[in-house]
Amino acid sequence: MNNITKNHIKDKLFSATGIFSTLIGLILLAVFIGDIIVEGAGRINWDFITGLPSRKAEKAGIYTAMIGTVWVLVLTTIISFPIGVSAGIYLEEYAKKGRLSRLLEVNISNLAGVPSIIYGLLGLEIFVRILGFGNSLLAGSMTLSLLILPIIIVATRESIKAVPQSIRDASFAMGATKWQTIQYQVLPASFGGILTGIILALSRAVGEAAPLIVVGALAYVPFVPSSPMSEFSVLPIQIFNWISRPQHEFLVNAAAAIIILLIITFIMNGIAMYLRSRWQKKIKW
Amino acid sequence: MLNMETEEIIMENEVRLTKKTENLVTGNTGINTEYEIIARNLNVFYGEFQALKDVNMNILPYTVTAFIGPSGCGKSTFLRVFNRMNDYIDGFRIEGEVFVSGTEIYSNRIKLEELRRKVGMVFQKPNPFPKTIFENVAYGLRIQGVKDKHFILERVERSLKQVVLWDEVKDNLHKNALALSGGQQQRLCIARTLAVEPEVILMDEPTSALDPISTGKIEELIFELKNEYTIVIVTHNMQQAARISDHTAFFYLGELIEQGHTKDIYTNPKNKRTENYITGRFG
């Protein structure tokens with residue numbers, strides 16, 4: 001066997017390994033989703049979606065948990081959007097580029113990698129105990145906001161960075177102040193990217209159970225939350241609760257709830273992808 | 001070296017120029033207000049690097065002044081001194097005095113926003129905002145807080161007519177400006193500057209990214225505009241400087257080597273380096 005044939009075999013071998021590695025993740029995901037659908041799809045009906053939780057598996061529904069998830073999503077958006085975007089704008093447009101801003105930058109990137117349960121502990125201490133919000137929607141949403149703020153800040157900065165300097169120069173040269181330039185030029189041009197980042201961050205928050213369990217979200221909530229101070233449950237916690245029951249019927253319920261949660265996440269990611277592509281089409285420098 | 005036609009144009013300019021300056025009066029501010037722009041003993045540094053060395057210049061109103069010189073000679077830096085666009089560069093430091101229509105622009109009392117309404121700028125690469133044609137021209141008025149729709153409409157139309165773009169875009173005012181051709185975009189950028197009625201227009205190689213036909217249009221435009229505005233232009237194009245400017249200043253390595261009437265600089269340069277540069281022997 002000469003060298004050329006040997007190299008050809010190596011080439012083929014590597015490409016086969018590559019395909020295999022790529023497929024592992026996809027196959028596992030497909031198997032998981034398939035399994036869940038087989039298990040839970042039959043359980044999904046209108047009663048399941050609008051039903052209150054119950055000790056009897058066949059009567060139990062996800063209504064309170066789903067509405068709790070919607071509440072958490074809305075509150076988390078309201079809290080994290082203005083803070084995250086402002087912080088991103090400040091770091092990118094106002095902060096002097098020096099050692100301090102570099103330190104801040106590195107730390108914010110690091111924060112994005114901190115395990116979510118740590119945020120849960122922080123939220124428990126600060127929001128639940130010190131600020132006295134109790135096991136409320138507000139405390140839970142604030143905790144999730146902490147969790148996703150680094151993601152929003154990084155996304156905001158990246159989108160702002162993509163706006164060419166020539167646009168800022170043009171605006172300044174017209175006599176605009178820094179804030180006018182940001183308000184009329186930088187933000188409109190980068191808003192698609194910022195929005196995409198926020199939706200992706202929120203779709204991560206939607207799936208979180210650990211930090212909410214720590215701040216005291218309930219597994220069994222027989223009522224729909226009526227205010228930000230209400231006690232609450234969310235879908236991941238409902239799923240977690242059902243899976244830990246011994247009866248098989250609850251496992252079916254969990255699978256059905258996972259399908260609903262997956263649909264919500266996919267829809268959010270879909271919207272993010274749509275916005276990104278629309279934004280890229282709209283603005284070509 | 002210089003063709004007859006260009007020489008004629010330069011002569012014409014000079015006649016008109018003397019007429020204009022005769023009408024100007026000297027104020028009592030201690031500054032000679034005959035000049036639109038005055039720079040005295042100007043030194044500019046970027047960190048350790050000295051970009052401009054002891055530059056003195058007076059620029060008359062309603063004239064076109066061209067800055068020429070090889071890349072890195074400081075001509076763009078000098079241009080950006082007049083609307084303080086260098087302020088954003090790290091390590092920028094300036095010594096000396098700069099007056100625009102009698103006001104010291106590096107004084108603490110000066111508001112950058114006001115200065116830039118008086119001193120507009122057109123950049124090398126056309127840089128319209130990613131907005132509609134209308135909004136591009138209206139931007140300067142909007143940021144000044146002008147709300148009167150009728151006034152804005154009128155001003156947008158007038159500015160677009162001044163740059164001879166109105167007929168081309170009047171049916172598409174709400175189309176994205178980025179859809180225009182490069183030459184149209186650059187004329188739009190000039191219209192955007194005119195809309196706030198500046199006194200001075202700075203142009204930083206405004207035609208270097210354009211084709212010859214668009215370049216010609218911009219040059220004609222500059223010729224028209226100097227009836228109402230003082231224009232300072234940086235150019236790499238020797239012929240362009242000769243065609244459109246009344247005064248020319250030659251910069252080399254941060255020094256202002258020679259300045260004067262364009263005709264004199266081109267026909268009878270006093271400095272050897274100026275002559276070499278103009279005749280294309282270096283640069």
Residue B/R84 versus chain A: region with a heavy atom under 4.5 Å = neither
Between A/S116 and A/E208: side-chain donor-acceptor atoms closer than 3.5 Å | yes
Could you go step by step and tell me if B/V44 and B/V81 meet the side chain to side chain contact (heavy atoms under 4.5 Å, CB included) rule?
-> CA-CA 9 Å; B/V44 169; B/V81 158; 4.1 Å; yes
Could you look at B/K118 and say if it's the side chain, the backbone, both or neither that has a heavy atom under 4.5 Å from chain A?
-> neither
Which pairs, with at least one residue in residues 65-105 of chain A and sequence neighbours excluded, count as a ring-ring contact (aromatic ring centres under 6.0 Å, His included)?
-> none
B/D204/B/R80 salt bridge by N-O under 4.0 Å criterion | yes
Parallel, tilted or perpendicular: which fits the ring planes of B/F92 and B/Y106, with parallel below 30° and perpendicular above 60°?
-> tilted
Tell me the residues of residues 172-183 of chain A whose non-hydrogen atoms fall below 4.5 Å from those of chain B, in number order.
-> A/F172, A/A173, A/M174, A/G175, A/A176, A/T177, A/Q180, A/T181
Charged N to carboxylate O under 4.0 angstrom, B/E157 versus B/K161?
-> yes
Assess whether atom CG of B/D90 is packed by more than 12 heavy atoms of other residues, nucleotides or ligands within 6.0 Å.
-> no
